[in-house]
Novice: 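Attaching a single structure in structure tokens format; questions to follow.
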Amino acid sequence: APRLILVLGDQLAPDMAALRAGRPGDVVVMAEVMAEGSYVPHHPQKIALILSAMRHFAEALREGGWRVAYSRLDDAENTQSIVGELIRRAAEFGAGEVMATAPGDWRLRQLLAECPVPVTVLPDDRFLCSEAEFAAWAEGRKQLRMEFFYREMRRKTGLMMEGEKPAGGQWNFDHDNRKPAKADLFRPRPPRFAPDAVTEEVLALVASRFASHFGALRPFGWGVTRDDALAALDHFLRHALPRFGDEQDAMLAGDPTLSHALISPYLNLGLLSPMEVCLRVEAEWQAGRVPINAAEGFIRQIIGWREFVRGIWALEGPDYAARNALGHKRALPAVYWGGETRMACMGHAVGQTRDMGYAHHIQRLMVTGNFALLAGVDPWAVHEWYLSVYVDAFEWVEAPNTVGMSQFADGGVVGSKPYVSSGAYIDRMSDYCGGCHYRVKEKTGERACPFNLLYWHFLLRHRERFAGNPRMAQMYRTWDRMEEGHRRAVLAGAEAFLARMEAGEPV
Ligand code: FAD
Ligand code: SF4
């Protein structure tokens, strides 16, 4: 009897484990289902990107000789859930068994485990470090630190290595990175891909089914095939990689993408592989076209951070996304869904998220993430927001970044201290503050930058937890040295701000 081979929307590589296990006569099952499109209100561009990429990939599989049973969202027989479609297709083809590649989402792993048609789940080996290898590395360590994991991955892959030693004599060149950026009209913009007929059909479908979701559907410029993804990578290598290190942490009101790659959706969908991307970056450095700090910094994001957070997600298990170590309970303020705001930085970060489904790392971490953490927003609500609004968001990568790195809700598994800052950091790294209602230099009073107020409010709310942290003790000493009246004014200002926010007033 034929078997079914399940290919999920973020498993669009011809060498996925389940496809490699295929035998002649097996049927590939791909399904667009309402359950996946709506368990959180995904950004319309995210849904369109996934559906169009799935349709293109199914076509490529057919051309490669596969039998593909493809369920479109608007097919009358569609049961609108993954398990429902497996049951329906098993009956249709007389199949008694399903081969699947492990989903990057605990909810789906659980659903497959309960599927009445038996499912064999194979490890997803698109990662350089398997779940088992990561668990072995983590075993017995008191703290998991990305930097040490990264060195192991450098040794394992041989990327930018000279024998046993890192190229250039250092593992990490970040002291050369992270500068503010200047507006530059000639900085090349990332490529945009004009929708083809398949994408246009999907765009019409998404417009009719998901109109209520936050985010603009058009203009839609994401690539939807492997060729598009390769073109995006080529463009990045040639035009943006040389400045990637320098501009990695900078933010500009008029330039939402700076020198970032915008390849996370392609990596996460399977259209690019992490190792091929890193080999191309290494080759640019070897050819002398990009500086070592840019190449090393970029490779670290992929074989370091990306693999590290995936390992943590797998290790920590299904309850991870619901953690709330700091006991934060506030509702997510309206500004995250495009509500009016007087904070220029939040307006820009949320605005480009609405328009493109994209914000770069520092906007996610030090603007929207920092604000939610300082304001004490329920990390589950923050998690659902990030999972919804970014085109690259899938649980295995989004949850550790949000719940762990950005909200410290895992109590310190991903990071050893919370990523919090006052307005000074945003002012140094961006040009946002000049156009803001609030004044970044003011520490008290009506117009004081909210980050300045909430920063201290946060530290004092959690004094017991953080005062003993050697990397934070200095901040508490600074606070204690401030004049009493000033301290009272800061805290009263923070309380007043939070009360306005809770009352639903624009902040
Ligand atoms: P670049 O800045 O050009 O970086 C290159 C690549 O490195 C990225 O494409 C990505 O694959 C990888 N990378 C860099 N940092 C990380 C990281 N911390 N974790 C994993 N991969 C990384 N990334 C996602 O892919 N999906 C998410 O859902 C996601 N959610 C995030 C939520 C929060 C709160 C934060 C702080 C970060 C999140 N990230 C997520 C990580 C990072 O912000 C994005 O990978 C990056 O912005 C993608 O844009 P880019 O391709 O232009 O990245
Ligand atoms: Fe953001 Fe404060 Fe700067 Fe305004 S002043 S843009 S709120 S950091």
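Both counts, for ligands and for their atoms, begin at 1 and track the order of listing.
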Novice: Any idea which protein heavy atom is nearest atom 13 (N) of ligand 1, and the distance to it?
Specialist: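 Checked against all protein heavy atoms, atom 13 (N) of ligand 1 sits closest to Q301 O, 3.7 Å.
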Novice: Identify, by atom number and element, the atoms of ligand 1 in contact range of A359, meaning under 4.0 Å from any of its heavy atoms.
Specialist: 47 (O)
Novice: Side chains of N452 and R439: do they bring a donor and an acceptor to under 3.5 Å?
Specialist: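 Judged by distance alone, the side chains do not pair up.
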Novice: Which of the atoms in ligand 2, numbered in the order shown and given with their element, are less than 4.0 Å from a heavy-atom of Y438?
Specialist: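 It comes down to these atoms of ligand 2: 5 (S).
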Novice: Does the pair R178/D174 count as a salt bridge with the N-to-O cut at 4.0 Å?
Specialist: yes
Novice: For the pair E152 and R155, find out whether any cationic side-chain nitrogen is under 4.0 Å from an anionic carboxylate oxygen.
Specialist: yes
Novice: Could you tell me, atom by atom, which parts of ligand 1 come under 4.0 Å of a heavy atom of L267?
Specialist: 11 (O)
Novice: Looking at ligand 1, is there an atom of it that comes within less than 4.0 Å of some heavy atom belonging to F244?
Specialist: yes
Novice: Hey, does A261 come in under 3.5 Å of ligand 1, counting only N/O atoms on both sides?
Specialist: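 There is such a contact, yes.
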Novice: Heavy atom under 4.0 Å from ligand 2: found in I426's side chain, backbone, both, or neither?
Specialist: side chain
Novice: Which residue and non-hydrogen atom of the protein lie closest to atom 23 (N) of ligand 1, and at what distance in Å?
Specialist: V397 CG2, 3.7 Å
Novice: Give the residue, atom name and distance (to 0.1 Å) of the protein heavy atom nearest atom 1 (Fe) of ligand 2.
Specialist: C345 SG, 2.4 Å
Novice: Between Y320 and E395, is any side-chain donor less than 3.5 angstrom from a side-chain acceptor?
Specialist: no
Novice: Counting both backbone and side chain atoms, is some N or O of M405 under 3.5 Å from an N or O of ligand 1?
Specialist: no
Novice: Within a strict 4.5 Å, meaning less than it, do heavy atoms of the D105 and F394 side chains meet?
Specialist: no
Novice: Heavy-atom contact check, 4.0 Å cutoff: does F236 meet ligand 1?
Specialist: no
Novice: Looking only at side-chain N and O atoms, does N293 offer a donor or acceptor that is under 3.5 Å from a partner on N177?
Specialist: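 Per modelled atom types, N177 and N293 side chains form a pair under 3.5 Å.
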Novice: Can you name the atoms of ligand 2, numbered from 1 with element, that are less than 4.0 Å from a heavy atom of V440?
Specialist: 5 (S)
Novice: Could you tell me the residue and atom name of the protein heavy atom closest to atom 10 (C) of ligand 1, and the distance to it rounded to 0.1 Å?
Specialist: S264 CB, 4.1 Å
Novice: Can you see whether Y390 engages T353 through a side-chain donor-acceptor pair at a distance of less than 3.5 angstrom?
Specialist: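 There is such a pair (donor and acceptor under 3.5 Å, judged by atom type) between the side chains of Y390 and T353.
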Novice: Just to confirm my output: which protein heavy-atom neighbour is closest to atom 6 (C) of ligand 1, and how far is it?
Specialist: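 It is I302 CD1, 3.8 Å.
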Novice: With distance as the sole test, does R126 use its side chain to make a donor-acceptor pair with the main-chain N or O of M16 at under 3.5 Å?
Specialist: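 Side chain of R126 to backbone of M16: no pair is present.
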Novice: Where is the nearest protein heavy atom to atom 2 (Fe) of ligand 2: which residue, which atom, and how far?
Specialist: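 Answer for atom 2 (Fe) of ligand 2: C449 SG, 2.3 Å.
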Novice: Salt-bridge test for R280 and D234: reply yes if a basic N is under 4.0 Å from a carboxylate O, no otherwise.
Specialist: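 D234 and R280: salt-bridged.
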Novice: Give yes or no for whether the N/O distance cutoff of 3.5 Å, strictly under, is met between D392 and ligand 1.
Specialist: yes
Novice: Looking at atom 2 (Fe) of ligand 2, is one of the N, O or S atoms of C436 less than 2.8 Å from it?
Specialist: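 No, C436 does not qualify, because none of its backbone or side-chain N, O or S atoms lies under 2.8 Å.
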Novice: For atom 25 (O) of ligand 1, what is the closest protein heavy atom, and at what distance to 0.1 Å?
Specialist: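 That would be N268 ND2, 2.9 Å.
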Novice: Counting non-hydrogen protein atoms only, what is the nearest one to atom 5 (C) of ligand 1? Give residue, atom name and distance.
Specialist: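 For atom 5 (C) of ligand 1, the nearest protein heavy atom is F298 CE1, 3.2 Å.
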Novice: Within the 3.5 Å criterion, strictly below it, is a donor on Y386 or T368 matched to an acceptor on the partner's side chain?
Specialist: yes
Novice: Taking ring-ring contact (aromatic ring centres under 6.0 Å, His included) as the criterion, tell me which of W396, F134, W313 meets it with F127.
Specialist: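 The single option meeting the ring-ring contact (aromatic ring centres under 6.0 Å, His included) with F127 is W396.
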Novice: Less than 4.0 angstrom from a charged side-chain N to a carboxylate O is my criterion; do E296 and R300 meet it?
Specialist: yes
Novice: Tell me the contacting part of Y390 for ligand 1: side chain, backbone, both, or neither, using a 4.0 Å heavy-atom threshold, strictly below.
Specialist: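 For Y390, there is no contact with ligand 1 at all, from either part.
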Novice: Given F394, Y358, Y386, Y266, which one has a non-hydrogen atom that is nearest to atom 34 (C) of ligand 1?
Specialist: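 Minimum heavy-atom distance to atom 34 (C) of ligand 1 goes to Y386.
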Novice: Ion pair present between R310 and E131, side-chain N to carboxylate O less than 4.0 angstrom?
Specialist: yes
Novice: Could you confirm whether C433 has any N/O/S atom lying under 2.8 Å from atom 3 (Fe) of ligand 2?
Specialist: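 Given the 2.8 Å cut-off, C433 counts as a ligand of atom 3 (Fe) of ligand 2.
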Novice: If you have a sec, work out which protein heavy atom is nearest atom 41 (C) of ligand 1 and how many Å separate them, to one decimal?
Specialist: H361 ND1, 3.7 Å
Novice: Determine whether the side chain, the backbone, both or neither of I263 has a heavy atom under 4.0 Å from any heavy atom of ligand 1.
Specialist: both
Novice: With the threshold set at 4.0 Å, does a side-chain nitrogen-carboxylate oxygen contact exist between E36 and R107?
Specialist: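 Salt bridge between E36 and R107, a charged N being under 4.0 Å from a carboxylate O: yes.
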Novice: So that I can tick it off, tell me whether D410 and R323 are bridged by a salt bridge, with the cut-off set at under 4.0 angstrom between side-chain N and carboxylate O.
Specialist: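 No, R323 and D410 are not salt-bridged.
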Novice: Which residue and atom name correspond to the protein heavy atom nearest atom 33 (C) of ligand 1, and how close is it?
Specialist: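 So the nearest neighbour among protein heavy atoms is N401 CB, 3.7 Å.
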Novice: Using a strict 4.0 Å cut-off to heavy atoms of L365, name the atoms of ligand 1 that fall inside it.
Specialist: 36 (C)
